[in-house]
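All values below come from the heavy atoms of this structure, side chains included, with hydrogens, waters and symmetry mates left out.
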Amino acid sequence: DLVVRSWDASDGELIALDAWHKEGITSATITPNGERMLSTSLDGTLHAASASSQVVDVQVEVAAGSARSLSLAPKSDLLAVGTRPGIISVYDRSSGEVLQDIQTPYERLFMAAEFRPGSKTIAAVGVPTDGFLHLWDALTGKEQEPIKCGLARGPSSFSFSPDGELLAIGVPKAIDSEEEAGETQV
C-alpha cells in the first residue's frame, strides 16, 4: 500500500488518504499537537505534511530502500530516521536539514529507533544484535551507556513509558524464563 491514512481515534472515521510515496511505507507518525504527519518509505523519502491540508511541505531524500524507523523527539523539532544500514539520521523536522548522522552497530537492518521521553536521547535496536538497547545523544551523536536487556538475544522492538522510566521490549524468540519477560527499569 502506498498511502498514508489518518483516522479520528474517537469514532474511527477516515480523515485523510494520501499517496505521497512511490513504494511501500515503512513508518508513519503524527506530531503530539496533531498538526503534522510524517512518513518514510522504501522509495527513500521522508515526507512531512500539514495534517489538515495534507500538503507536503518537507520532502527529504535518503537512500532508497533504507528509510525504516521514524521517531519525533517530544517538545522539540528533532526527528530521528533509520536512513541506511548502520545510520540514524537526526533531522530538524521544520527544515528537513540533517543535523547529525549517528553510526550504530546495526549494519544489516534497523528494527526500531525512538526518542526516550523527556530527553534528546535516541534508543535503537537492529541486526546484528548484542543483547543491549543502545542509546545516543541526538545532538552530539555520542553513545551513552547501553541498557543490558538481560537476554541472550537483543530486542526486536521496544517502547518507553510516557515518563521514560520504564522500558517494554519485544523478543524475537520464545522467552526462556519468567525473568526474561516483563519490563526493564531504566
- Item | Residues forming a salt bridge (Lys or Arg N to Asp or Glu O under 4.0 Å) with Asp77, sequence neighbours excluded | Arg93
- Message: Let me confirm one number: the CZ-NZ distance from Phe115 to Lys120, rounded to the nearest 0.5 Å.
- Response: 8.5 Å
- Query: Considering residues at least two apart in sequence or located in another chain, which fulfil the side-chain contact (heavy atoms from CB on, under 4.5 Å) criterion with Pro117?
  - Reply: Phe160
- Supply the atom-to-atom distance Leu99 CG to Tyr91 OH, rounded to the nearest 0.5 angstrom. 10.0 Å
- Task: Please test Leu72 against Thr29 for side-chain contact (heavy atoms from CB on, under 4.5 Å), starting from the C-alpha separation and ending with a verdict.
- Result: CA-CA 8 Å; Leu72 295 166; Thr29 192; 3.8 Å; yes
- Output for pair (Ile147 CD1, Leu133 CG), nearest 0.5 Å, gives 5.0 Å
- Message: Show the nearest heavy-atom pair for residues Gln103 and Trp136, with the distance to one decimal.
- Response: O-NE1, 3.7 Å
- Item | Rounded distance [0.5 Å steps], CD1 in Ile122 versus CG in Leu78 | 7.5 Å
- Note on the structure: Heavy-atom closest pair (Val90 atom, Ala138 atom, distance to 0.1 Å) is CG2-O, 3.7 Å
- Item | Check against side-chain contact (heavy atoms from CB on, under 4.5 Å), Gln100 and Ser89 | CA-CA 6 Å; Gln100 186 75 245; Ser89 293; over 6 Å; no
- Task: Measure across Leu135 and Ala123 and return the closest heavy-atom pair with its distance rounded to 0.1 Å.
- Result: CD2-CB, 3.5 Å
- Message: Restricting to side chain to side chain donor-acceptor pair (under 3.5 Å), what partner residues turn up for Ser161, sequence neighbours left out?
- Response: Asp163
- Task: Not counting sequence neighbours, which residues clear side-chain contact (heavy atoms from CB on, under 4.5 Å) with Asp137? List them please.
- Result: Leu139, Thr140, Gln144
- Does Gly86 offer a backbone N or O that forms a donor-acceptor pair with the side chain of Thr104 under 3.5 Å? yes
- Message: If the condition is side chain to side chain donor-acceptor pair (under 3.5 Å), which residues does Glu143 pass it with, not counting sequence neighbours?
- Response: His134
- Query: Can you name the residues that form a side-chain contact (heavy atoms from CB on, under 4.5 Å) with Ser119, not counting sequence neighbours?
  - Reply: Arg116, Thr121
